[in-house]
Amino acid sequence: MANQAMTVTSASASFYQAKSRFPGILSWVLSTDHKRIGILYLVSLLSFFLVGMSLGFLMRLELIAPGRQIVGPQTYNALFTLHGVIMIFLFVIPGLSASFGNFFLPLLIGARDVAFPRLNLLSWWIFVTGAFLAVLAMFTGSGPPDTGWTFYAPYSIRTGTNVVLATFAVFVLGFSSILTGLNFITTVHRLRAPGMTWFRMPLFVWGLYATAWTQVLATPIIGINLLLIIAERLFGIGVFDPAKGGDPILYQHLFWIYSHPAVYIMILPAMGVISEILPVFARRTIFGYKFIAYSSVAIASVGALVWGHHMFVSGQSYAAGTIFSLLTMLVAIPSAVKVFNWVATLYKGSIVLEAPLLFAMSFIFLFTIGGLSGMMLGVLSFDVHVHDTYFVLGHFHYVIFGGMGMAFFAALHYWFPKMFGRMYNKKLANVAWLVIFIGFNTLYMPFLVLGWEGMPRRYYDYLPQYHTPHLISTIGSWILITGIFIMLGNLARSLAKGERAPANPWGGTTLEWTVPSPPPVENFKEIPHIDRGPYDYTGAASK
Amino acid sequence: MSATNGLAVGHQRDYAGAKLGMWVFLFTELMLFGGMFILYAVYRTTHADDFHYAAGELDTLVGTMNTLILLTSSLTMALSIAAMRTARKTVSIVFLVLTIALGIWFMVNKYFEWGAKFEHGLYPNSELLLQRAKGEILFFGLYFTMTGLHGLHVFIGVVVLSVVAIKMANRPYDHIAFAGEGRDDLRGARLALLDDSGRRLWASEPMDDSVKEVSVRVKYLPVPRRIRREDFAVLENAGLYWHLVDIIWIFLFPLFYLIT
C-alpha cells in the first residue's frame, strides 16, 4: 500500500518464496498478496465443503430406509439446517469469487493486486470470524439451529435453539462478501492494464464484476433482515411477530430479495469459468463474446426482480405471483444465450478432451437440467403442486452443485498448474470426473422423481412407497463422495509429487498464462499492453 | 508508479479508486436502511391511524434540534474538507473537531430522548406497549430499531472522524520509501538525490556486491501545515460517510416525528 516498499525479489521467484515480514503461518494469514489470500480462501472453502458434505452424507444415511435409522427428528432438523448454512454461506456464496476470483482477477486484467489489498485480507479475517461463529452456534447455547438455512419467521423467533448466534454469523459473513464485492468493483474500474478495454476483459472478469454488484447491493438486505430477527429475539420489537401486528411474510420478502440474487452470486462466476475454459480446449475464440458479457449483466439485473417466485404459496397476491412468474421466465433468456454460445463455441473447434473441459461440459449438461426444472418451478400452477418437495431440492442441487460445484471443480483442474506450479495425474482426474458425474446423477436424479411423486422436503421419515428412489439416492451419495475423494486425493498428491507445470500447459491466451507458474509476487514484471481480445486463436497470437 | 534509474517508488495510492470504493460502500448502507424503510412503508400503510397516534408521543422539539445539529455538522464537515483543499490543516482540524462535537451532542440528546421513553414504560416488549394497538407496537418497534441503527452509525462516524483527526494532527514527518527492482541493478550504482533540474545535491559511494538492499528515508523538517494527498482521500471519504448518516436522519425525522 501507500509508501510501503516493494520487496526486492529476483524475477523468477514465485510468490511462495517471497520474503515476508512475518514468519511461518503468519506470512500467510497476514499477507496482503491477493494470490495468498485466494489460496487461504480456497483451503477454507474446501474444508467447509467437506464438513457440509459430511452432514449431507449423514442425512442420506438416515433416509436410506423408512423409519428412524441413525438420528432422531430433532437432530435431522439440525443436520439440514447446518448443511444448508455451511454449504450456502461458507462454500457456495464466497465460492469462486473469493478463491479463484481473488487469485486470478488481477492476473486476468494485468494488475499487480486488487485495489484494496489490506481490505482484502480483512475480508478473509471477517470470513473466518463468521465461520467460527457459525461453528460455535452448532455446539453452544441450547442446541444447533433447526430452522432451515432460511431462518423463516415466526419459527426462528420462537424456537429455543441457538438462532441468534447463527444469524449473527451469517450477518458477519455477509459483511465479508460485501467487502470482497466492493474491492472487485474498484479493481475492475481502476486497475485494468493499458489497452484492456471493457470488451477485451476475459469473461470470468465480467462474471465477477456482475457478481460483485449483486453482492454489494443485495447482501445488506439480508443483513438488516437477520439483525431484525436478532432484535426480535432479544428485545421483542415485534416487526415479524404476528402477535404484535408484525407480518412474517415481510421477512420472506426481505430474505428472498437477497437470497434469490444470491443464487446469481453463486452461478455468475461459475459461468465465467466455463467461458474461460471452453475456448482454450476448443482452440477457437468464444462464440458471441459480447452476448455472454451482456447476459451476465442481464442475469444480475433481471435476477434482482424475481424473488417472489419463492413465495407462490406464501399468500402473496395472485397479481404479484403472475408478475414474478413472468419475470422468472425472462431470466431464462440470458441463461439460454450463454448455453447456446458455449455449445456454438465447441462446434467445429479442435477439441482437446482434458479434465477441465469434462467438468465444464458436465456443467453445461447439469446446469441445463437444473435450469429447465427451474423454469417448471417458475410456472405458477405447477409450483403449487411441487412446492417444498424434493423436486425443488433436485432443481436446486442441479443448479448449484451441478452448476457452481462443477465449475468449481473445473476451475480447480484448469488453474491448478498455475496456482501451484505442478501438474496433476490427468488420467486419474478423468476417472474422478466420471465417478463424480455418475454419483451426482444417481444422487440427485431420484430427487426430481420423488418430488414429482409428492415427497416433501425436510422430512426425516417417509412412506414406504418412496423407498426405492431414496435407496438409489443414498447409494449415489456414496459414489459421489468416492469420486470427490479420488479428485481431491489426486490434487493433494500432485501438490508435492506432480511434475512441474510449464507457464502455459493448456495453450491459453489470457494474461495469467503469460507469467510463470506459480506467478511471481508482483505478477507482471512489466504491466502488459493489451491490443486484442482475450481469446485470440487466429494464428498471430497462438504459440 | 514512477521509475528512475531502476529505482521505483512504492507509492500507489489511487485517490479516485479510494473514492469509488467509498461510494460503493455507501450504496450498501443505503440498501441496509432501505430494507427498514420498506418495512416502515408497509406498516405505515396497513396501520396508518395507529402510526398517527403513536407519532404524537415523540418529542418533536428534540427531533428538530437533532436535525439542526446534524445539518450543521454536515456543514462543518464540508468546511473541514474545503479547508483541507486549500491546504489549511489547522482550520481543517478545527472544523473536524466541531463536527465530532456536534455528533456527540446528537447522541447525548438521543440518550435523553430514549431515556424518557423508557421511563414512561415505552420500549419494545414493555407491558405498557403491549397493551396498545398493534400499529403502535410496530411504530415503536421500528422507531427504536431505526433510530438505534442510525445512532450506531453516528457513533461509528464519530469514532472514524476522531481517528482521522488524530491521524492528521500527529504527522510531523513524512516518509517515502524506495526500493530497487533487482539486486543486480544495484552493483556499481550510485544513489543520488537530484533536484528538479537534474542537478545533483548529494550522491553516495558506488555500491559493491555486499549491498543487498537499499532503503532510503527522507525526513522533512516538521512543517505543521503540510498536507498529504492521503489525508485528503481519507478525510473526504470520512466526510462522505458522515453526510450519509446525515441524509438518513433527514428521512427518519419526518417519517417518525412529523407524521402526526
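Residue numbers start from 1 in every chain, and the chains themselves are labelled A, B, ... in the order their sequence lines are given, proteins ahead of strands.
A ring-centre distance under 6.0 Å is found for A/Y209 and A/H189.
For B/L129, no part lies under 4.5 angstrom from a heavy atom of chain A. Using a 4.5 Å cut-off between heavy atoms, A/L119 does not touch chain B at all. There is no contact between A/A218 and chain B, counting heavy-atom distances below 4.5 Å. For A/D241, no part lies near chain B; criterion is any non-hydrogen pair under 4.5 Å. In this structure, the portions of A/L217 lying under 4.5 Å from any heavy atom of chain B include both its backbone and its side chain. With a threshold of 4.5 angstrom between heavy atoms, A/L254 approaches chain B through side-chain atoms but not through N, CA, C or O. When heavy atoms are compared at a cutoff of 4.5 Å, B/Y43 approaches chain A solely by way of its side chain, counted from C-beta outward. The contact between B/L149 and chain A is made entirely by side chain atoms (from C-beta outward), counting heavy-atom distances below 4.5 Å. With a threshold of 4.5 angstrom between heavy atoms, B/T145 approaches chain A through side-chain atoms but not through N, CA, C or O.
Between B/F139 and the choices B/Y53, B/Y40, B/F144, B/F256, the ring pair (Phe, Tyr, Trp, His ring centres under 6.0 Å) rule is met once, by B/F256. Test A/H260, A/H253, A/Q252 against A/W307 for side chain to side chain donor-acceptor pair (under 3.5 Å) and you get one pass: A/H253.
Applying the 6.0 Å contact sphere to CZ of A/F22 captures more than 12 heavy atoms from other residues, nucleotides or ligands. Under a cut-off of 6.0 angstrom, the local environment of CZ in B/F118 is crowded, with over 12 non-hydrogen atoms contributed by other residues, nucleotides or ligands. Heavy-atom neighbours of B/F37 CZ from other residues, nucleotides or ligands within 6.0 Å: above the threshold of 12.
No other option in B/L130, B/V24, B/V42, B/N125 has as many heavy-atom pairs under 4.5 Å with chain A as B/N125. The greatest number of non-hydrogen atom pairs below 4.5 Å with chain A, out of B/A133, B/G35, B/P124, is found for B/P124. If you tally non-hydrogen atom pairs under 4.5 Å between each of B/I137, B/I38, B/L138 and chain A, the highest count goes to B/L138. Ranked by heavy-atom pairs shorter than 4.5 Å toward chain A, the options B/E136, B/M22, B/M31, B/H47 are led by B/M31.
Under the 4.0 Å criterion applied to side-chain N and carboxylate O atoms, B/E127 and B/R132 are not assigned as salt-bridge partners.
B/F253 and B/Y257 have tilted rings, their planes meeting at an angle from 30° to 60° on a 0 to 90° scale.
In this structure, A/N102 and A/V114 have side chains that are in contact, with non-hydrogen atoms separated by less than 4.5 Å.
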